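Working notes, structure below.
Computed from a prediction, not measured in an experiment: that's the story for all the values here.
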Amino acid sequence: MVQCVSVSTLTTSGNGGVYGSTALWGRHFQLMRKTQIRTGSERNFLWHHCAQRLFFAGQLVMQRQRNLRVEAGWLFKGGGDQGLDASSECSESANEDILIFFFQLDLATRVQYALNTEQYEIAQQLRDKLTEVEAEVVKQREAKRGSTSKSEAQDKALSMIRLRADLQKAIEAENYALAAELRDEINKLEAESLAASANALVYENTPYAFRLGQKVRHKVFGYSAVICGMDPVCCESSSWRESARVDKLTRGSNQPFYQVLVDVHVDPNLLVAYVPEENLLVPDGPRPNKGRFDHPYLSFLFYGMDAAGDFIPIKQLREKYNRPRHEVPGDPPDEGGEDA
């Protein structure tokens with residue numbers, strides 16, 4: 001089932017929407033559709049170019065449309081870390097990841113529209129582009145989150161089988177020098193395979209304290225946010241880690257990190273933060289927590305609020321992170337009557 005999220009449904013109103021106008025998204029979509037993309041590096045460059053331009057254009061749109069006073073008193077509540085503020089956890093890569101996810105949804109919607117209007121040639125072109133984009137996104141996500149470790153371990157196991165066969169032949173031929181080289185190579189592969197398998201197991205079985213769509217509060221900076229993505233460990237660059245002082249965290253970088261949408265009434269410029277699990281709390285106060293929370297990405301990442309006041313992630317977002325739906329009595333069913 002195609003999730004019908006179109007650029008025409010996304011706004012920059014107080015209730016959320018995507019940064020930039022429909023025309024802006026349309027121009028970048030035409031660029032992606034018309035450009036002949038042959039290599040992964042070209043795709044990465046074009047995605048980064050589009051996402052970056054959308055990001056900065058959105059900043060200007062948000063500043064023009066929202067005359068908000070930013071209450072910045074909470075920016076320096078970090079105890080001894082007086083130089084550390086909320087912007088240190090701002091993540092352009094997380095923001096770009098969300099924009100590319102929207103681009104996938106938009107492409108899927110365009111495919112469905114072309115099919116509904118019997119524009120089959122256009123639908124096929126869009127489907128080919130969507131397949132290409134999805135394959136590259138999956139590849140990048142697996143590399144980022146260590147999912148490749150599992151396939152890497154399998155590849156090394158196959159290599160060891162072939163090497164053991166070669167070793168047996170070398171011994172039978174009394175070529176002991178070659179046999180010694182093969183034995184050393186097998187030992188090296190066994191160690192690498194064990195490490196890859198252990199790494200894959202850690203990534204697959206990581207327990208998360210928070211779930212997609214859950215409202216949270218930052219323990220240090222105090223702002224309200226909503227979980228929209230998660231990694232089992234910190235997957236940011238070394239320069240980002242240094243800026244965010246990840247090495248000073250109690251649990252370091254080997255803990256879950258979350259992509260969170262920051263309430264624009266707190267800071268309209270922070271947008272998306274990448275926050276370690278130890279710095280997030282469930283908000284205090286009565287439940288359900290249905291207080292006002294605004295962010296321009298809410299409308300294409302979530303269906304709406306559940307009965308407890310948290311947000312219901314769309315099916316595609318849950319599939320992206322392989323997370324089950326959190327059932328709350330009184331929740332509406334997924335659109336289309338399906339659930340994963």
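Listed by chain and residue number, nothing satisfies the ring pair (Phe, Tyr, Trp, His ring centres under 6.0 Å) test with Phe101 (two or more places apart in sequence, or in another chain). Evaluation of the side-chain contact (heavy atoms from CB on, under 4.5 Å) rule for Arg241 yields Cys234, Val246, Ser253 as partners, not counting sequence neighbours. Evaluation of the salt bridge (Lys or Arg N to Asp or Glu O under 4.0 Å) rule for Arg127 yields no partner, not counting sequence neighbours. Residues meeting the side-chain contact (heavy atoms from CB on, under 4.5 Å) test with Tyr176, sequence neighbours left out: Glu174. Applying the side-chain contact (heavy atoms from CB on, under 4.5 Å) criterion to Ala273, with sequence neighbours excluded, gives Glu89, Tyr223, Val260, Val262, Val275. Here Ala135 pairs with nothing under the side-chain contact (heavy atoms from CB on, under 4.5 Å) rule; sequence neighbours left out.
Between Thr131 atom OG1 and Gln124 atom CD the span is 8.0 Å, to the nearest 0.5 Å. To the nearest 0.5 Å, atoms CZ (Arg183) and CD1 (Ile171) are separated by 5.5 Å.
Around CD of Glu121, the count of heavy atoms belonging to other residues, nucleotides or ligands within 6.0 Å does not exceed 12.
Ring orientation note: the planes of Trp240 and Tyr274 are nearly perpendicular, at an angle over 60° on the 30°/60° scale.
Checked for salt-bridge contact, Lys129 and Glu132 meet the test: a charged N lies under 4.0 Å from a carboxylate O. Between Asp106 and Arg110 there is a salt bridge, since at least one side-chain N of the basic residue sits less than 4.0 Å from a carboxylate O of the acidic one.
In the hydrophobic clustering of ILVMFWY residues, with side-chain heavy atoms under 4.5 Å counting as a link, Phe257 and Leu281 come out apart. Transitive grouping of hydrophobic side chains (ILVMFWY, heavy atoms separated by less than 4.5 Å) keeps Ile122 and Tyr113 in distinct clusters.
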